[in-house]
Visitor: 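Just passing along the structure, written as structure tokens.
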Amino acid sequence: MSQLQSLRGMVDLLPEALQRWQVVESFAREHFRRSGFGEIRTPLLETTDLFCRGIGEGTDVVGKEMYSFTDRGDRACTLRPEGTASVVRASLQHGLLSQGAQKLWYAGPMFRYERPQAGRQRQFHQIGVEWLGAESARSDVEVIALAWDLLASLGVGGLELELNSLGSAEDRQAYRTALVTWLEQRVDQLDGDSRARLSSNPLRILDSKNIDIQALLDQAPTLADALSPESRLRFEAVQQGLTALGIPYRLNPRLVRGLDYYSHTAFEITSDQLGAQATVCGGGRYDGLIAQLGGAATPAIGWAVGMERLLLVLEAATKADPNGAAARLVGTSAPDAYVVNRGEQAETMALGLARALRAAGLTVELDGSGSAFGKQFKRADRSGARWALVLGDEEADRGQVRLKPLLGQGDEGTWAVAEIAAIVDMLRTP
RNA sequence: GCGGGCGUCGCCAAGUGGUUAAGGCAGCGGCUUGUGGCGCCGCUAUUCGGGGGUUCGAAUCCCCUCGCUCGCCCCA
């Protein structure tokens with residue numbers, strides 16, 4: 001390919017698509033504000049070490065998906081593959097946690113070097129929340145509800161909340177040992193992937209998509225059985241809380257999230273509209289992470305929504321129900337007025353008029369082509385504007401503008417260009 | 001990283017070895033040198049993602065490469 005083009009998996013967002021993005025982003029921003037979460041923005045570039053220590057050396061993300069390089073000062077840098085580690089780092093660096101618990105949200109691009117496919121890009125965007133210092137089971141419920149409500153308010157249907165508990169660090173360690181022991185006796189029945197994970201990340205074998213492996217695992221010791229009584233009580237409290245809020249969920253004892261830092265509650269919200277990459281939102285509790293990154297032991301929980309996937313689901317919902325809530329999110333972008341103008345003096349006046357009307361809050365499209373009136377009216381019509389404002393030599397000489405309604409067949413009228421307030425009134429009347 | 005499918009104008013798309021690469025939409029111009037929504041007319045790919053090769057001759061066959069796509073892996 002000789003023409004310049006974006007890097008593989010790096011996608012341009014064009015104005016049409018961005019309209020939907022902005023609706024979703026402003027929905028989210030408002031949702032978080034009402035819920036008491038403050039925004040945080042952290043650098044896209046961090047030390048490689050942050051992610052190695054935070055996410056875990058044995059994970060696929062750190063092992064093979066990071067965009068890492070050394071900068072001119074010989075520092076090992078990585079484009080962030082996820083948001084949590086950065087948020088924790090920033091909170092520690094600025095002593096935020098000494099002021100008590102922090103409820104934070106963020107939005108922005110993340111980078112993972114993977115083979116692109118439906119719902120998966122190398123640069124993608126997440127909106128996420130992190131509640132640092134959240135201890136109770138009730139906080140799990142609130143955070144999950146925060147995600148559920150955001151998606152619901154956008155009109156996304158067909159979602160499923162999957163829930164599991166990984167137990168405490170000790171529970172997890174004990175189970176890991178038990179599972180490895182059990183699987184090692186059946187190595188001959190494992191596929192290549194699972195064998196490799198046996199040493200690197202055995203819990204991940206649980207959510208293998210290989211049917212034979214799943215059948216084998218039916219006989220294996222379960223994570224649920226390995227939970228301590230405390231962990232089990234905690235998990236039950238989370239479930240009761242969700243039930244009390246009327247949020248439906250499905251227990252998935254094989255849900256194991258890929259990053260090492262998760263403990264206790266783990267969840268995903270999936271859509272049946274997405275193909276293989278079905279997870280729209282993923283999150284969970286990470287009680288050990290903050291201590292691991294050098295802070296005082298602090299429990300925390302958070303989640304992230306994949307913007308691209310959310311938009312895909314929204315588009316599917318719009319297609320399925322053109323009058324539904326999702327469809328209504330994107331309003332028309334037709335201008336209030338389209339300025340038809342031609343002639344030296346008229347064009348100067350037209351620009352001034354457009355500027356004044358825009359300052360008054362109207363959306364005004366100014367034709368800059370200087371082409372024949374017929375052409376300009378054609379474009380005015382296509383723009384969907386309710387009014388055409390006409391400025392030619394005749395009008396310019398008299399200091400007037402002609403207002404022509406484009407929707408009905410009302411009469412045109414002429415107005416003095418200087419009387420902006422009167423014109424604004426006219427354009428605003430339905 | 002592994003496997004399958006695909007790549008013709010901004011978008012959709014015909015063409016599967018033989019002179020000039022259909023058509024539709026959009027765009028631009030004209031009919032209409034100051035008035036739109038309809039209509040009619042015209043223009044817009046020396047070139048078929050890129051590079052090699054086979055052939056008298058290739059968009060059509062082969063190889064390499066890039067990209068897209070679906071699945072695996074993994075996750076948002």
Side-chain angles (χ1 to χ4, degrees), chain A residues 1-11 14 16 55 59-65 80-84 107-128 147 151 191-194 196-197 200-201 204-205 207-210 255-259 262 266 268-271 274-283 302-313 338 340-343 346 367 369 371-385 387-396 402-409 411-412:
Chain A
M1 185 45 99
S2 56
Q3 216 191 27
L4 248 30
Q5 61 180 301
S6 61
L7 246 18
R8 175 164 220 203
M10 305 283 176
V11 176
L14 304 178
E16 197 196 355
I55 299 172
T59 63
D60 282 348
V61 169
V62 170
K64 56 185 198 191
E65 295 174 3
R80 63 181 187 193
E82 57 101 48
T84 304
M110 307 293 166
F111 303 83
R112 291 184 200 172
Y113 194 91
E114 296 182 272
R115 183 97 172 246
Q117 71 182 69
R120 190 169 80 188
Q121 299 165 187
R122 288 184 171 180
Q123 175 176 335
F124 61 103
H125 300 259
Q126 290 185 331
I127 292 186
L151 298 173
D191 60 11
D193 280 335
S194 300
R197 284 195 206 129
S200 65
N201 206 339
R204 291 225 55 89
I205 298 173
D207 60 5
S208 166
K209 283 181 188 166
N210 185 325
L255 174 64
V256 180
R257 300 190 41 75
L259 314 185
Y262 287 112
E268 287 188 6
I269 299 175
T270 59
S271 164
L274 285 177
Q277 310 301 325
T279 305
V280 178
C281 173
W303 51 253
V305 162
M307 272 298 277
E308 283 82 0
R309 291 183 189 176
L310 175 55
L311 269 304
L312 286 173
V313 173
Y338 189 100
V340 170
N341 62 112
R342 186 164 157 84
D367 194 304
S369 69
S371 49
F373 280 88
K375 291 295 166 195
Q376 294 198 42
F377 275 103
K378 206 164 268 185
R379 283 192 282 265
D381 187 60
R382 285 194 189 168
S383 78
W387 292 90
L389 308 192
V390 190
L391 262 158
D393 292 333
E394 292 173 19
E395 290 80 8
R402 212 174 272 277
L403 304 207
K404 178 186 172 71
L406 291 173
L407 300 183
Q409 45 257 77
D411 296 325
E412 338 186 342

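Note that the structure is a prediction, hence the values are computed from the model and not measured. A note on names: the letters A, B, ... follow the listed sequences, proteins ahead of strands, and every chain is numbered from 1.
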Visitor: Return the value, rounded to whole Å, for the distance between atom CD of A/Glu65 and atom P of B/C73.
Guide: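 Going from A/Glu65 (CD) to B/C73 (P), I get 13 Å.
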Visitor: Ignoring the backbone of A/Asp381, work out which of B/A76, B/G37, B/C73 is nearest its side chain.
Guide: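 Ranking B/A76, B/G37, B/C73 by closest atom to the A/Asp381 side chain puts B/G37 first.
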Visitor: Once you apply the 3.5 Å cut-off to both distances, tell me the Watson-Crick or G-U wobble partner of B/C72, or none.
Guide: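 In the structure as shown, B/C72 has B/G1 as its Watson-Crick or wobble partner.
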Visitor: Tell me the interatomic distance from A/Glu16, atom CD, to B/A26, atom P, rounded to whole angstroms.
Guide: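 Going from A/Glu16 (CD) to B/A26 (P), I get 15 Å.
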Visitor: Starting at the 5' end of RNA chain B and moving along, which residue's nearest nucleotide shows up first, A/Leu274 or A/Arg115?
Guide: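 Its nearest nucleotide lies further toward 5', so the answer is A/Arg115.
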Visitor: Rounded to the nearest 0.5 Å, how far apart are OH of A/Tyr338 and NZ of A/Lys404?
Guide: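 The NZ atom of A/Lys404 is 14.5 Å from OH of A/Tyr338, to the nearest 0.5 Å.
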Visitor: Mind calculating the distance between OH (A/Tyr113) and C1' (B/G1) to the nearest angstrom?
Guide: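 For the pair A/Tyr113 OH and B/G1 C1', the rounded distance is 10 Å.
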Visitor: Over all strands shown, is A/Gly9 touching base, sugar-phosphate only, or nothing at heavy-atom distances under 4.0 angstrom?
Guide: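 The answer is sugar-phosphate, as A/Gly9 gets under 4.0 Å only of primed atoms, P, OP1 or OP2.
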Visitor: From B/G27, B/U69, B/C28, pick the nucleotide closest to the side chain of A/Arg382?
Guide: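 So the nucleotide nearest the side chain must be B/G27.
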Visitor: Any chance you could measure A/Thr84, atom OG1, to A/Trp303, atom CH2, to the nearest 0.5 Å?
Guide: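 Rounded to the nearest 0.5 Å, the OG1-CH2 separation comes out at 11.5 Å.
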Visitor: Roughly how many Å apart are B/U46 and B/U20, using the C1' atom of each and rounding to a whole number?
Guide: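 Approximately 10 Å lies between the C1' atom of B/U20 and that of B/U46.
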Visitor: Checking A/Arg342 against A/Ser371: is there a side-chain donor and acceptor pair closer than 3.5 Å?
Guide: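 No.
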Visitor: Might you point out which heavy atoms bring A/Val280 and A/Ser271 nearest each other, and give the distance in Å?
Guide: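 Heavy atoms of A/Val280 and A/Ser271 come nearest at CG2-CB, 3.9 Å.
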Visitor: Closer than 4.0 Å, any side-chain N/O of A/Arg379 to the OP1 or OP2 of B/C28?
Guide: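 Answer yes for this pair, as a side-chain N or O of A/Arg379 is under 4.0 Å from OP1 or OP2.
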Visitor: Could you tell me whether A/Arg122 and A/Glu114 make a salt bridge, using a distance below 4.0 angstrom between a side-chain N and a carboxylate O?
Guide: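 No.
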Visitor: Return yes if the base of B/G71 and the side-chain atoms of A/Arg120 contain a donor-acceptor N/O pair under 3.5 Å, otherwise no.
Guide: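 No pair found.
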Visitor: Contact class for A/Ala380 (heavy atom, under 4.0 Å): base, sugar-phosphate, or nothing?
Guide: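 If one applies the 4.0 Å heavy-atom cut-off, A/Ala380 turns out to touch nothing in the nucleic acid.
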Visitor: Expressed in angstrom and rounded to an integer, what is the separation of A/Gln117 atom CD from B/C2 atom P?
Guide: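 Distance, rounded to whole Å: 15 Å.
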Visitor: Measuring only the C1' atom in each nucleotide, how far is B/G23 from B/G18? A whole number of Å is fine.
Guide: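 Their C1' atoms lie roughly 23 Å apart.
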Visitor: Can you tell me how far P in B/A14 sits from the matching atom in B/C6, rounded to whole Å?
Guide: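 The same atom, P, in both gives a distance of 13 Å.
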Visitor: Please give, in whole Å, the distance from B/G36 C1' to A/Leu407 CG?
Guide: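 Going from CG in A/Leu407 over to C1' in B/G36 covers 11 Å.
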Visitor: Provide the distance between the two P atoms, one in B/A58 and one in B/C40, to the nearest whole Å.
Guide: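 To the nearest whole Å, 39 Å.
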Visitor: Pick out which of A/Val61, A/Thr59, A/Val62 makes a side-chain contact (heavy atoms from CB on, under 4.5 Å) with A/Pro81.
Guide: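 Going through A/Val61, A/Thr59, A/Val62 one by one, the side-chain contact (heavy atoms from CB on, under 4.5 Å) with A/Pro81 is satisfied by A/Val61 alone.
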Visitor: With RNA chain B as reference, determine whether A/Val256 or A/Leu7 sits nearer its 5' end, using the nearest nucleotide of each.
Guide: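 Its nearest nucleotide lies further toward 5', so the answer is A/Leu7.
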Visitor: Please work out if A/Gly128 contacts a base, only the sugar-phosphate, or nothing of the nucleic acid, heavy-atom cut-off 4.0 Å.
Guide: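 It contacts nothing in the nucleic acid.
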Visitor: To the nearest 0.5 Å, tell me how far A/Leu310 CG sits from A/Ile269 CD1.
Guide: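 So the CG of A/Leu310 and the CD1 of A/Ile269 are separated by 10.5 Å.
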Visitor: Between B/U54 and B/C62, how many Å separate the two C1' atoms, rounded to a whole number?
Guide: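 Those two atoms are separated by 7 Å.
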Visitor: Just compare B/C73, B/G36, B/A76 and give me whichever is closest to any side-chain atom of A/Leu406.
Guide: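 Closest of the options to the side chain of A/Leu406: B/G36.
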Visitor: For atom C1', what is the distance between B/G42 and B/U32, given to the nearest Å?
Guide: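 It comes out at 16 Å once rounded to the nearest Å.
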Visitor: Quick one: label A/Val280 by what it contacts on the DNA or RNA (base, sugar-phosphate, nothing), any heavy atom closer than 4.0 Å.
Guide: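 Result for A/Val280 = sugar-phosphate.
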Visitor: Which parts of nucleotides 30-35 of chain B does protein reach within less than 4.0 Å, heavy atoms only, written one letter per nucleotide 5' to 3' as B for base, S for sugar-phosphate only and - for none?
Guide: B--SBB
